[in-house]
Amino acid sequence: MFELLLFANAIWFGLGFHLFAIRSKIFAKTLVPKEHRETPVFDVLAESGKFLGGFNFALCAFNLLVALKSAVFPTSEQRLVLCLFFAIAHGSQFFFNVPIAIENRKGRGAWRVEGKMRFIFATDFVLMVANALAAAIYA
(Lines give C-alpha, C1' and ligand atoms only; values in the text may rest on other atoms or scores of the structure.)
Protein backbone atom coordinates (compact mmCIF):
# COMPACT_ATOMS: atom_id res chain seq x y z
CA MET A 1 0.00 0.00 0.00
CA PHE A 2 2.81 2.43 0.91
CA GLU A 3 4.51 2.08 -2.47
CA LEU A 4 1.21 2.45 -4.35
CA LEU A 5 0.50 5.71 -2.54
CA LEU A 6 4.01 6.94 -3.32
CA PHE A 7 3.52 6.14 -7.02
CA ALA A 8 0.18 8.00 -6.98
CA ASN A 9 1.93 10.99 -5.40
CA ALA A 10 4.73 10.76 -7.96
CA ILE A 11 2.30 10.71 -10.87
CA TRP A 12 0.44 13.73 -9.51
CA PHE A 13 3.58 15.74 -8.80
CA GLY A 14 4.94 14.69 -12.21
CA LEU A 15 1.79 16.03 -13.85
CA GLY A 16 2.25 19.24 -11.85
CA PHE A 17 5.81 19.52 -13.14
CA HIS A 18 4.59 19.00 -16.70
CA LEU A 19 1.86 21.63 -16.40
CA PHE A 20 3.80 24.26 -14.46
CA ALA A 21 7.25 23.91 -16.05
CA ILE A 22 6.82 22.37 -19.49
CA ARG A 23 3.42 23.84 -20.40
CA SER A 24 3.66 27.03 -18.38
CA LYS A 25 1.61 29.04 -20.90
CA ILE A 26 -1.24 26.51 -20.58
CA PHE A 27 -0.98 26.83 -16.78
CA ALA A 28 -1.21 30.62 -17.05
CA LYS A 29 -4.19 30.39 -19.42
CA THR A 30 -5.98 28.28 -16.82
CA LEU A 31 -5.78 31.16 -14.36
CA VAL A 32 -5.90 34.28 -16.53
CA PRO A 33 -9.05 35.28 -18.46
CA LYS A 34 -8.60 35.84 -22.21
CA GLU A 35 -8.99 39.60 -21.91
CA HIS A 36 -5.90 39.83 -19.66
CA ARG A 37 -3.51 37.51 -21.51
CA GLU A 38 -1.83 40.27 -23.52
CA THR A 39 -0.48 41.98 -20.41
CA PRO A 40 3.10 41.62 -19.11
CA VAL A 41 1.71 40.06 -15.94
CA PHE A 42 0.56 37.04 -17.96
CA ASP A 43 4.17 36.34 -19.00
CA VAL A 44 5.36 36.78 -15.41
CA LEU A 45 2.78 34.24 -14.24
CA ALA A 46 3.72 31.79 -17.00
CA GLU A 47 7.41 32.05 -16.11
CA SER A 48 6.72 31.72 -12.38
CA GLY A 49 5.01 28.42 -13.18
CA LYS A 50 8.45 27.00 -13.96
CA PHE A 51 9.46 27.74 -10.38
CA LEU A 52 6.43 25.77 -9.14
CA GLY A 53 7.30 23.04 -11.62
CA GLY A 54 10.70 22.67 -10.00
CA PHE A 55 9.11 21.94 -6.63
CA ASN A 56 6.76 19.44 -8.23
CA PHE A 57 9.68 17.74 -9.98
CA ALA A 58 11.57 17.39 -6.70
CA LEU A 59 8.49 15.93 -4.96
CA CYS A 60 7.89 13.56 -7.89
CA ALA A 61 11.50 12.35 -7.83
CA PHE A 62 11.46 11.92 -4.05
CA ASN A 63 8.27 9.84 -4.17
CA LEU A 64 9.73 7.65 -6.94
CA LEU A 65 13.01 7.18 -5.09
CA VAL A 66 11.26 6.21 -1.86
CA ALA A 67 8.82 3.90 -3.70
CA LEU A 68 11.69 2.13 -5.47
CA LYS A 69 13.83 1.97 -2.32
CA SER A 70 11.17 1.77 0.39
CA ALA A 71 13.49 -0.30 2.58
CA VAL A 72 15.33 2.96 3.32
CA PHE A 73 12.28 3.96 5.41
CA PRO A 74 11.34 0.64 7.03
CA THR A 75 9.76 1.75 10.30
CA SER A 76 6.20 2.84 10.87
CA GLU A 77 7.45 6.08 12.44
CA GLN A 78 9.46 6.97 9.33
CA ARG A 79 6.57 6.19 7.02
CA LEU A 80 4.20 8.16 9.24
CA VAL A 81 6.43 11.24 8.86
CA LEU A 82 6.64 10.80 5.08
CA CYS A 83 2.89 10.35 4.70
CA LEU A 84 2.20 13.38 6.89
CA PHE A 85 4.63 15.44 4.83
CA PHE A 86 2.89 14.47 1.59
CA ALA A 87 -0.55 15.05 3.15
CA ILE A 88 0.60 18.57 4.04
CA ALA A 89 2.03 19.11 0.55
CA HIS A 90 -1.28 18.17 -1.10
CA GLY A 91 -3.30 19.88 1.61
CA SER A 92 -1.50 23.17 1.16
CA GLN A 93 -2.54 23.16 -2.49
CA PHE A 94 -6.11 22.28 -1.57
CA PHE A 95 -6.58 24.66 1.37
CA PHE A 96 -5.13 27.70 -0.39
CA ASN A 97 -7.69 27.12 -3.16
CA VAL A 98 -10.65 26.97 -0.73
CA PRO A 99 -10.95 30.77 -0.27
CA ILE A 100 -10.81 31.21 -4.06
CA ALA A 101 -13.59 28.64 -4.52
CA ILE A 102 -15.69 30.39 -1.86
CA GLU A 103 -15.16 33.74 -3.60
CA ASN A 104 -16.24 32.10 -6.88
CA ARG A 105 -19.65 31.41 -5.33
CA LYS A 106 -19.98 35.17 -4.87
CA GLY A 107 -18.92 35.85 -8.47
CA ARG A 108 -15.41 36.89 -7.43
CA GLY A 109 -12.01 35.29 -6.93
CA ALA A 110 -8.54 35.62 -8.40
CA TRP A 111 -9.27 32.70 -10.77
CA ARG A 112 -12.07 30.28 -11.50
CA VAL A 113 -12.05 26.92 -9.71
CA GLU A 114 -13.66 25.08 -12.61
CA GLY A 115 -12.58 22.68 -15.33
CA LYS A 116 -8.89 21.83 -14.92
CA MET A 117 -8.65 23.84 -11.71
CA ARG A 118 -11.55 21.93 -10.15
CA PHE A 119 -9.85 18.65 -11.12
CA ILE A 120 -6.61 19.85 -9.52
CA PHE A 121 -8.53 21.04 -6.46
CA ALA A 122 -10.31 17.68 -6.05
CA THR A 123 -7.24 15.54 -6.72
CA ASP A 124 -5.16 17.41 -4.16
CA PHE A 125 -7.96 16.82 -1.64
CA VAL A 126 -8.13 13.08 -2.40
CA LEU A 127 -4.35 12.66 -2.17
CA MET A 128 -4.24 14.73 1.03
CA VAL A 129 -6.82 12.41 2.61
CA ALA A 130 -5.12 9.26 1.29
CA ASN A 131 -1.75 10.31 2.70
CA ALA A 132 -3.33 11.37 6.01
CA LEU A 133 -5.11 8.00 6.30
CA ALA A 134 -1.84 6.18 5.60
CA ALA A 135 -0.16 8.29 8.29
CA ALA A 136 -2.95 7.35 10.72
CA ILE A 137 -2.41 3.66 9.93
CA TYR A 138 1.31 4.02 10.64
CA ALA A 139 0.64 5.98 13.88
Side-chain angles (χ1 to χ4, degrees):
M1 179 190 84
F2 181 62
E3 289 83 2
L4 182 63
L5 182 58
L6 292 171
F7 281 122
N9 288 335
I11 290 168
W12 186 243
F13 289 127
L15 289 170
F17 165 71
H18 184 260
L19 178 64
F20 296 133
I22 306 299
R23 302 188 68 186
S24 59
K25 294 276 189 197
I26 301 296
F27 153 68
K29 286 179 182 179
T30 302
L31 298 179
V32 178
K34 288 181 184 178
E35 61 270 15
H36 300 290
R37 292 182 189 161
E38 297 301 320
T39 67
V41 176
F42 178 80
D43 292 328
V44 170
L45 179 63
E47 290 302 312
S48 69
K50 295 175 183 179
F51 180 75
L52 295 172
F55 282 110
N56 276 270
F57 180 77
L59 290 168
C60 173
F62 185 59
N63 273 277
L64 285 174
L65 290 169
V66 175
L68 296 173
K69 297 291 184 182
S70 60
V72 173
F73 297 98
T75 70
S76 292
E77 291 85 8
Q78 291 169 327
R79 291 180 177 197
L80 171 122
V81 169
L82 287 172
C83 291
L84 279 177
F85 171 79
F86 293 122
I88 292 167
H90 293 296
S92 70
Q93 300 306 296
F94 172 77
F95 284 113
F96 285 120
N97 246 334
V98 169
I100 303 296
I102 291 169
E103 286 296 306
N104 284 183
R105 291 177 161 243
K106 300 172 187 173
R108 299 186 304 257
W111 59 78
R112 306 297 307 158
V113 181
E114 57 189 23
K116 290 177 192 167
M117 284 305 295
R118 182 171 289 148
F119 177 73
I120 291 168
F121 185 67
T123 303
D124 277 319
F125 176 79
V126 168
L127 287 170
M128 173 193 67
V129 170
N131 280 275
L133 287 173
I137 289 168
Y138 287 120

Exercise for the section: Treating Ile, Leu, Val, Met, Phe, Trp and Tyr as nodes and any side-chain heavy-atom pair under 4.5 angstrom as an edge, say whether V66 and V72 lie in one connected cluster. Expected result: yes
Handout entry: Check: I26 and K116 side chains under 4.5 Å, non-hydrogen atoms
Key = yes
Completion exercise
Rounded to the nearest 0.5 angstrom, the SG-CD1 distance for C83 and I88 is 11.5 Å
Exercise for the section: Starting at NZ of K29, measure out to NE2 of H36 and round the result to the nearest 0.5 Å. Expected result: 15.5 Å
Exercise for the section: Might you work through the side chain to side chain contact (heavy atoms under 4.5 Å, CB included) test for K106 and E103, ending with a clear yes or no? Expected result: CA-CA 5 Å; K106 300 172 187 173; E103 286 296 306; 3.8 Å; yes
Problem - Enclosure of E35 CD (heavy-atom neighbours >12, cutoff 6.0 Å) - result: yes
Handout entry: Close side-chain approach of F7 and L68, heavy atoms under 4.5 Å
Key = yes
Practice task
Can you measure from CE (M117) to CD1 (I100) and round to the nearest 0.5 angstrom?
Solution key: 8.5 Å
Practice task
Report the relative orientation of the aromatic rings in F86 and F13; use parallel for angles under 30°, tilted for 30 to 60°, perpendicular for over 60°.
Solution key: tilted
Handout entry: Gap separating the CG atom of N9 from the CZ atom of F85, nearest 0.5 angstrom
Key = 10.0 Å
Handout entry: N104 (side chain) donor-acceptor with V113 (main chain) under 3.5 angstrom
Key = yes
Problem - Parallel, tilted or perpendicular: ring planes of Y138 versus F2, cut at 30 and 60 degrees - result: perpendicular
Handout entry: Mutual orientation of the aromatic rings belonging to W12 and F119 [parallel < 30°, tilted 30-60°, perpendicular > 60°]
Key = perpendicular
Exercise for the section: Please report the shortest heavy-atom distance between F20 and G53, naming the atom on each side. Expected result: CB-N, 3.5 Å
Exercise for the section: For this output row, return yes or no: ring centroids of F55 and F51 closer than 6.0 angstrom. Expected result: yes
Exercise for the section: Start with the C-alpha distance between K25 and D43, add both sets of side-chain angles, then the distance that settles side chain to side chain contact (heavy atoms under 4.5 Å, CB included), and finish with yes or no. Expected result: CA-CA 8 Å; K25 294 276 189 197; D43 292 328; 3.0 Å; yes
Problem - Separation between SG of C60 and CG of L64, rounded to the nearest 0.5 Å - result: 4.5 Å
Problem - Interatomic spacing from CG in L52 to CD in Q93 - rounded to 0.5 Å - result: 7.5 Å
Problem - Backbone of V32 reached by a side-chain donor or acceptor of R37 within 3.5 Å - result: yes
Problem - Under 3.5 Å: donor-acceptor pair, side chain of R79, backbone of A134 - result: no
Practice task
Verify the cluster assignment for I11 and F62: are they in a single hydrophobic cluster under the rule of side-chain heavy atoms below 4.5 Å apart?
Solution key: no
Handout entry: Exercise: identify the closest heavy-atom pair between L127 and A8
Key = CD2-CB, 4.2 Å
Exercise for the section: Return the minimal non-hydrogen interatomic distance between E3 and S70, and the atom names on each side. Expected result: OE2-OG, 2.6 Å
Practice task
Decide if atom CZ of R23 counts as having more than 12 heavy atoms of other residues, nucleotides or ligands within a radius under 6.0 Å.
Solution key: no
Practice task
List the atom of N56, the atom of F17, and the distance in Å for their closest heavy-atom pair.
Solution key: CB-N, 3.5 Å
Problem - CZ (F57) with more than 12 external heavy atoms under 6.0 Å - result: no
Handout entry: Minimum heavy-atom distance between M128 and F94, given as atom pair plus value
Key = CE-CD2, 4.4 Å
Practice task
State yes or no: do L31 and I102 share one hydrophobic cluster built from I, L, V, M, F, W and Y residues joined by side-chain heavy-atom distances below 4.5 Å, directly or via other members?
Solution key: yes
Exercise for the section: Say whether F95 and L133 are linked into one hydrophobic cluster, either directly or through other cluster members, by side-chain heavy-atom distances under 4.5 angstrom. Expected result: yes
Fill in the blank from the handout: For F27 and L19 the tightest heavy-atom approach is CB-O, 3.7 Å
